[in-house]
**Q** 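Sending over a structure as structure tokens; questions will come in a sec.
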Amino acid sequence: MRNRHKFAFIICCSITDMIAMVYGTLLFLDLVTEENIGWNTLFLNKMIPITILSWLFSVTYFRLYRMDVLFNLDDFFRNSWRAFLTQRILWHSYIFIFQDKLLYFFVSKSNLFQLSFLLFYFLLSRILFALITGNIKRWVVKSYTVAIWGFNKTSIELASHLEANSYFIDFLGILNENSAEEYTNNEDFSIALTEAINNASEQNINELYIVSKPDFISDLNYFFELGDKHCMRLKFVPDFSSISKKNFCSSHINNFHVIKPRNEPLQNAYNRLAKRGFDLVVSSLVIVLILSWLYPLMAYLIKRDSKGPVLFKQIRTGKKNEPFCCYKFRSMYINMGDESQQAIKNDARVTPIGKFLRCTSLDEMPQFFNVFVGNMSIVGPRPHMIKHTIDYNDHINNFMVRHFVKPGITGLAQVSGLRGETKRVSDMIRRVSKDIEYVQRWSLITDIKICFLTVVVILKGDKNAF
């Protein structure tokens, strides 16, 4: 059941989704013809291939139709909408680049009907898919049974994961969860495990997860051969709960089992390439469309307000703890005390124009030059002064984790209300926890979301911006 039914379900989903995307484009083309807008014929003829290619790229990037893991309905829904949004952005970008009727396109009836149809389809189809996955086990005569042997913290977490994603398997739970027996040596453990495998075979269990301490497993080959004799898949899961109290991430390098303290999506080269591409596109647009006129205007106002340079340049801590020169519009008087001191509310060092720059975050705009040359990213942990990095690293154990990625103009901590002066170490601990959460859960959609929230926070006004 696990493989063929999941395969059939995923294939049906992919086919119906593609048909819906193509039909939405056909609907758009039909209405465009009726509206007589005057689109280029060669341009319109490419709309179907562009729809297919952009949808294939989106579902591939977000791995919407995954076959190699347990099926997770929440991830399927989340990635469905991510893929849909990405496809729409790519599709509209094609029109933006190759057509001159963009304004009319967005308010046209053809675009409205196409978008309404696709939104209705995705909402209805995902509800239908949820109903199917919730009842599919009732329609299967012989299900694929999975169980766990070994009662400990790791097996409880594994059981919770399997139970939450058991749409295409019949999860029986932990077989020995009511047993109070504790094993003190390898011989007793081997005897108990052999008996458990034999009993599992009598219950027609197809796959058995064995969760135990690594030092109890003396001969894996013997147990694998025993499982093979019963036509049962055995999977050993080492229990490290006694030596590590935190969640960690594990992977494989050939036959070597590697344990890492956390998952880091930006360790993947393709993810880094996507993030760098996003940074280059956004920073280029900002430099050409905004800074080209904002920089001369700010230079005039800053020079008129007080003596000194237009840009404030400061050495800050970057990726891999390497220093770099961070740019800002100067918002303070020069030679006014220690530059390493954090800005506070009603700071006497801030110039009149500087108050406006800091409240609106316009003083950060030159950092798009840092992004363009590769010192910073649009989104990431905010860079600190070298002195502050050294000080906080002595008080916060995992402080340097935030430097595993490039620092950002904005970040998850900033849109979560953790911007500005840090009067206590506890304030910095909360900010660092958000930075580490970003490192662990990065995605291109997350970056776009944080950029959008940053604009919202600036427009609403941030009480911590001073």
Side-chain angles (χ1 to χ4, degrees), residues 8-66 73-134 274 278 281-282 285 289 443-449 451-453 455-456 459:
F9 174 77
I10 293 297
I11 291 298
C12 290
C13 290
S14 61
I15 292 175
T16 54
D17 287 349
M18 181 61 76
I19 292 174
M21 297 303 298
V22 172
Y23 182 78
T25 303
L26 291 173
L27 181 66
F28 169 81
L29 294 174
D30 184 58
L31 292 172
V32 161
T33 305
E34 291 181 3
E35 288 181 322
N36 193 25
I37 300 176
W39 296 74
N40 183 280
T41 304
L42 181 62
F43 171 81
L44 293 177
N45 290 338
K46 294 180 180 178
M47 296 298 283
I48 296 296
I50 290 298
T51 299
I52 295 174
L53 290 175
S54 59
W55 179 246
L56 289 176
F57 170 82
S58 301
V59 298
T60 301
Y61 181 81
F62 291 107
R63 303 177 67 188
L64 179 58
Y65 308 121
R66 300 172 68 181
L73 195 60
D74 290 339
D75 287 345
F76 180 72
F77 289 160
R78 190 180 301 112
N79 291 332
S80 293
W81 292 109
R82 287 174 174 174
F84 173 74
L85 177 61
T86 303
Q87 194 276 338
R88 289 288 85 195
I89 293 174
L90 293 174
W91 201 75
H92 290 309
S93 299
Y94 170 70
I95 296 175
F96 176 79
I97 295 171
F98 294 102
Q99 272 291 330
D100 58 355
K101 296 180 174 57
L102 183 65
L103 181 61
Y104 187 84
F105 166 77
F106 279 114
V107 297
S108 67
K109 182 177 68 173
S110 54
N111 180 57
L112 179 62
F113 272 70
Q114 181 201 29
L115 184 60
S116 300
F117 165 75
L118 290 176
L119 287 173
F120 176 76
Y121 163 76
F122 271 92
L123 182 61
L124 183 63
S125 65
R126 269 47 192 175
I127 293 174
L128 180 61
F129 293 163
L131 293 175
I132 292 174
T133 53
F278 175 76
V281 170
V282 174
L285 291 174
L289 301 179
S443 71
L444 197 57
I445 295 298
T446 299
D447 275 9
I448 296 172
K449 179 181 178 182
C451 289
F452 174 76
L453 291 176
V455 174
V456 173
L459 293 177

**Q** What distance separates Arg63 CZ from Asn79 CG, expressed to the nearest 0.5 Å?
**A** 9.5 Å
**Q** Decide yes or no for Gln87 and Val59: does some side-chain heavy atom of the first lie under 4.5 Å from some side-chain heavy atom of the second?
**A** no
**Q** Might you point out which heavy atoms bring Tyr65 and Cys13 nearest each other, and give the distance in Å?
**A** OH-O, 4.0 Å
**Q** For a quick test of reading the model, state the closest non-hydrogen atom pair linking Gly24 to Leu118 and the distance between them.
**A** CA-CD2, 4.4 Å
**Q** Under 4.5 Å between any side-chain heavy atoms of Thr133 and Phe76, yes or no?
**A** no
**Q** In Å, rounded to the nearest 0.5 Å, how long is the span from CZ of Arg82 to CG of Leu64?
**A** 11.0 Å
**Q** For Met47 and Phe28, work out which heavy atoms get closest and say how close.
**A** CE-CE2, 3.9 Å
**Q** With the side chain counted from C-beta on, respond yes when Val455 and Cys451 share a heavy-atom pair under 4.5 Å apart, and no when they do not.
**A** no
**Q** Looking only at atom types and distance, does a side-chain atom of Tyr121 sit under 3.5 Å from a main-chain N or O of Met21, one as donor and one as acceptor?
**A** no
**Q** What's the spacing between Ser80 OG and Leu85 CG if we round to 0.5 Å?
**A** 12.5 Å
**Q** With a 4.5 Å cut-off on side-chain heavy atoms, are Thr86 and Tyr61 touching?
**A** no
**Q** Under 6.0 Å between the ring centres of Phe117 and Tyr23?
**A** yes
**Q** Taking salt bridge (Lys or Arg N to Asp or Glu O under 4.0 Å) as the definition, give me every residue that meets it alongside Arg78, ordered by chain and number, with sequence neighbours left out.
**A** Asp75
**Q** For the residue pair Thr51 and Val22, what are the closest heavy atoms and their distance?
**A** CG2-N, 4.4 Å
**Q** By ring pair (Phe, Tyr, Trp, His ring centres under 6.0 Å), which residues pair with Phe57, not counting sequence neighbours?
**A** none
**Q** For a 4.5 angstrom cut-off between non-hydrogen side-chain atoms, does Lys449 reach Phe452?
**A** no
**Q** Could you work out, with ring pair (Phe, Tyr, Trp, His ring centres under 6.0 Å) as the rule, every residue matching Phe122, not counting sequence neighbours?
**A** Trp55, Trp81, Phe84
**Q** Going by heavy atoms in the side chains, are Leu123 and Leu119 under 4.5 Å from each other?
**A** no
**Q** Any chance you could measure Ile10, atom CD1, to Phe129, atom CZ, to the nearest 0.5 Å?
**A** 9.0 Å
**Q** Say you draw a straight line from OG1 of Thr16 to CD1 of Ile11; how long is it, rounded to the nearest 0.5 Å?
**A** 10.5 Å
**Q** Could you grab the distance from atom CZ of Arg126 to atom CG of Asp17, nearest 0.5 Å is fine?
**A** 4.0 Å
**Q** State, with a plain yes or no, whether a side-chain heavy atom of Thr25 is found less than 4.5 Å away from one of Ile50.
**A** no
**Q** Hey, are the side chains of Arg88 and Leu115 touching, using non-hydrogen atoms and a 4.5 Å cut-off?
**A** yes
